[in-house]
Amino acid sequence: MSDALPTKPTMVTISINGKEVQAKPGTILVEAAAQAGIEIPIFCYEPRLGPPIGACRMCLVEVEGMRGLQTACSTPVAPDMVVHTNNEAAATAQDGVLELLLANHPLDCPVCDKGGECPLQDRTFKFGPGETRFVEPKRHFPKPLDLSTEVAIDRERCIACFRCIRFSQDVSEDGQLGFQERGAGTEVATFSGEPYESRFSGNIIDLCPVGALTSIPYRFVSRPWDVQNAPSVCGLCPVGCNTELTMREGETKRTTGRPNPNMTVEEGWLCDKGRWGYPAAWSADRILRPLVRDANGTMVETSLEAAVDAAARLIAASSATQILVGAASTVEDGFLAQELAAVLPNAAASRLGFPDSADLEPLRALPRAELSDIDTAGAVAVVGGDVTNRHPIVELRLRKLVRNRGALAMVGPRTSPLDARATFGARTAPGQLSSGLAVLAAALEGASAPLIIWDEADLANEPAAAAELARIATAAGARQIELAVDVNGRGLRALGLPCQTAPVAAGALVAVNADPLESPGAMAWADAIDGVGAIIAVATHRSAITERADVVLPTLMHHEVEGVLVSTTGRAQRLRPGSRGPREAAAAWELLIALSHRTGTPLPFRTPAQAFAAVAAARPPFAGLSYSVVGDEGAPTTHVAQSSAPQRSTDAVGDGIALVVTTEIFGDAVSWRSDALVSRRTPAHLVLAPQQAATLGLVQDQRARVSSPFGTCILPVVVDAQAPEGAAFVAMGPPASGTSALLAGEQVPVNVMIEVAE
Amino acid sequence: MTAADIKAHIDPIRHEYADGRSLVLPALKYAQTEQGWLPPEALAAVAEATGYSQAYVESVASFYDRLYLEPVGKRVVSVCITLSCMLRGSDELIEGMCEHLGVEHSHGAVTTPDGAITIQEAQCLGACDKAPCIQVDAENTIGPLGQSEANALLDELRAADRPRELWR
């Protein structure tokens with residue numbers, strides 16, 4: 001070894017409370033102390049919000065040789081530093097700061113939602129004065145105001161730590177929160193008292209170290225000592241943010257970021273859909289009881305036992321069985337569908353969702369990156385997609401990249417709030433991503449740790465662009481992140497489940513959390529559905545397929561089940577139940593196993609963990625994984641090239657202008673079912689550029705008839721000056737909107753004719 | 001006042017401010033010269049001109065006593081109530097001035113019903129040698145002032161035309 005060479009010291013040694021502590025140079029004292037198991041009290045310190053600001057003064061410590069006391073949150077370690085966090089000077093200061101913070105604090109802990117999980121409470125007990133000397137009247141503000149429809153603000157409780165304001169100004173960059181007035185009158189407010197409108201507004205509740213910002217849907221619902229928390233994963237988009245589910249009396253009462261955020265994935269931030277989507281479990285269309293169609297054709301409520309028996313009889317009586325798994329199903333559900341199909345005579349399992357494409361293989365074969373790698377990239381190119389609406393948390397990472405002075409390139413047909421932050425952006429015409437790629441190469445060239453982020457659907461429909469992008473990325477040495485279309489599309493594909501793009505012809509259809517009548521290709525399915533012998537719907541909510549089904553088996557939502565989802569970056573992550581779900585419902589994995597028993601071909605699994613162990617043994621992408629390996633933080637799956645992926649047809653079908661679809665963040669089924677998101681939901685609509693709208697004779701809010709070769713739907717028109725000309729941008733809306741009629745099951749590019757609807 | 005007007009005012013003095021944030025203050029003072037106070041539209045124009053968020057601009061404006069987020073009178077009279085002036089009778093002075101104007105004395109700003117004059121308490125105006133002193137808008141501090149002189153000044157201000165620009 002090179003022990004003769006002078007080396008830079010990699011660690012500095014400091015003393016904290018007489019204890020020798022090793023820390024990397026530049027470590028902040030608070031962190032160095034925490035590593036040594038010494039707690040320095042903090043309120044405003046939160047590294048995820050950017051550099052420390054020393055606003056609350058809670059972390060005062062004595063550093064020998066430095067005049068006065070230092071804020072440990074903003075003081076880096078230095079060699080031979082001697083720090084006292086609990087000597088008389090430090091303790092008196094901490095005591096004093098807490099006494100001042102509490103001087104105007106209402107101490108209404110018994111009626112405060114934060115009580116019991118409140119850093120101010122905890123630190124007062126541990127570091128603060130036992131009693132106050134403040135006898136004067138406290139400041140008073142009217143009690144809680146609605147900062148938005150989901151967040152309540154109680155200004156009396158605020159300790160002016162700046163966290164929420166820093167989140168608004170520096171993380172989500174919505175710039176809406178600020179302090180108003182000064183001194184004891186300081187209050188957090190929005191401009192002119194307008195409602196706080198942000199896709200990420202709920203994070204300020206998690207950040208608030210006191211009870212000033214509370215969740216309106218969770219208001220007065222429960223106490224920390226009445227609940228159990230389960231670390232889980234959000235199943236509403238492919239990002240797979242790590243969440244914590246708060247369960248009381250068998251029901252999920254709240255979703256929050258984890259206390260120990262997964263820094264690789266969501267960094268502790270959640271979008272408002274992920275945070276307030278769980279009340280969809282109680283929507284009016286939730287299926288609570290099993291249903292079986294009787295001799296007269298009417299659906300009759302029955303027991304789960306009887307319904308599973310009826311389903312098994314229908315399967316046994318059918319010449320063939322197709323098990324169709326929905327795109328958000330867990331890995332276990334997909335695997336058990338495959339296993340059940342293997343033991344039933346003449347049966348097959350497939351998935352509903354975005355089809356496989358061999359053309360994406362060169363991109364998928366590039367080295368994989370995690371979302372956290374965006375932070376350290378010198379340049380990131382986003383090609384296609386709509387991260388703001390479909391992968392919301394990725395937007396926060398990209399904003400951070402730009403703050404860290406990384407270059408951001410945005411290429412694609414859709415407008416994005418990130419366009420204003422992009423170093424360079426190329427708005428390409430639909431189907432012409434290639435035209436934006438030339439400049440992209442220059443952006444990635446020479447950048448440190450470059451990254452490409454590419455949209456599965458957009459690039460699958462443009463094989464030439466996919467090949468070119470793969471070539472550019474290889475030349476630049478870039479790693480890649482795929483923006484998957486489906487929640488667990490990656491996991492189901494890795495199982496080898498083929499995508500069902502055409503309707504099933506005959507026999508029995510078992511639809512597991514899948515509704516082909518409300519998915520792309522819906523019209524073809526509608527024509528073919530009468531030819532299907534028997535329909536067994538395993539579903540959480542009523543939809544077109546449950547109306548047609550012969551047996552409906554109620555099942556559980558993501559926050560009610562155990563299972564594994566594979567995120568957009570390829571991480572296998574565990575769902576854990578934070579709710580028992582309806583009494584007569586069962587998890588899809590359990591129903592599939594039950595069906596195997598009732599059809600006389602029992603599968604050898606009793607738990608999802610056993611099923612996952614079998615997945616790991618039988619499917620190479622999951623090799624080496626188990627529930628314990630996946631753990632709380634998730635573990636990467638291995639990409640295995642799919643040799644069998646079919647070539648897709650990529651020529652646009654139909655006459656008229658190109659159809660560009662997206663699903664708005666609050667425009668999906670969950671947002672429309674969750675009563676916590678009533679004020680946020682957006683319906684399906686058609687966005688046209690002004691010129692395009694004028695040519696078609698359409699004005700704002702008018703209704704337009706949109707027709708593709710596959711189907712027709714009527715949508716309200718939104719005229720948007722930002723939208724590119726020459727294309728029809730359709731926000732899909734919740735399933736019942738009928739927009740899926742416009743698309744083929746293969747989800748190939750489509751042109752649409754648009755006219756004024758009478 | 002438009003963002004362009006504000007930008008035309010701050011661009012020539014931009015070099016005097018090391019940090020763009022500090023430029024918000026002269027922009028706000030200038031935006032206030034039009035109506036004498038800052039309606040939300042004026043704050044929005046300052047935000048646009050300086051590139052900071054509306055919430056931040058309002059946050060700065062709400063910090064300062066001389067930046068008004070509510071309508072104030074044609075002229076604003078600030079009466080110093082800090083130590084020297086108080087010892088020399090500022091309490092009685094402001095009480096008398098309020099009586100003369102026919103308004104109730106308060107610790108905040110009070111405007112006459114006709115919108116002519118706003119009277120407010122001010123912390124030290126830096127003119128202890130002239131105690132008790134007052135300041136009209138951002139003009140020179142006047143003092144020492146007896147009750148009758150002060151009342152005469154108020155009458156004079158009420159009768160005078162509104163200045164073209166309201167620097168406060």
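Below, chain A is the first sequence line, B the second, and so on; all start at residue 1. Computed from heavy atoms alone, side chains included, the values below leave out hydrogens, waters and symmetry copies.
- With a threshold of 4.5 angstrom between heavy atoms, B/Y52 does not approach chain A through any atom at all.
- In the displayed structure, B/E48 atom CD is contacted under 6.0 Å by at most 12 heavy atoms of other residues, nucleotides or ligands.
- Atom CG of B/N140 is surrounded by 12 or fewer heavy atoms from other residues, nucleotides or ligands within 6.0 Å.
- Panel note: side chain B/E58, backbone A/G178; no donor-acceptor pair is recorded below 3.5 Å.
- More than 12 heavy atoms of other shown residues, nucleotides or ligands fall within 6.0 angstrom of atom NZ in A/K114.
- Interatomic distance, CZ of A/R182 versus CG of B/D65, reported as 4.0 Å (0.5 Å rounding).
- The environment of B/E16 atom CD is dense: over 12 non-hydrogen atoms of other residues, nucleotides or ligands sit within 6.0 angstrom.
- When all heavy atoms are compared, the tightest approach of B/A44 to A/F191 is N-CZ, 4.1 Å.
- Atom CD of B/E70 sits in a sparse spot, with 12 or fewer heavy atoms from other residues, nucleotides or ligands closer than 6.0 Å.
- B/S59 places no side-chain N or O within 3.5 Å of a backbone atom of A/Q180 that could act as its donor or acceptor partner.
- The parts of A/S192 that come within reach of chain B are both its backbone and its side chain, each placing non-hydrogen atoms under 4.5 angstrom from that chain.
- Within 6.0 Å of atom CD in B/E99, 12 or fewer heavy atoms from other residues, nucleotides or ligands are found, so the atom counts as exposed in its surroundings.
- Atom OG1 of A/T186 is separated from atom CZ of B/F63 by 8.0 Å, given to the nearest 0.5 angstrom.
- No more than 12 heavy atoms of other residues, nucleotides or ligands lie within 6.0 Å of CZ in B/R88, so this atom counts as exposed by the packing criterion.
- Of the atoms belonging to A/E173, not a single heavy atom falls under 4.5 Å from chain B.
- Within the 4.5 Å cutoff, no side-chain heavy atoms of B/S53 are placed close to those of A/Q176.
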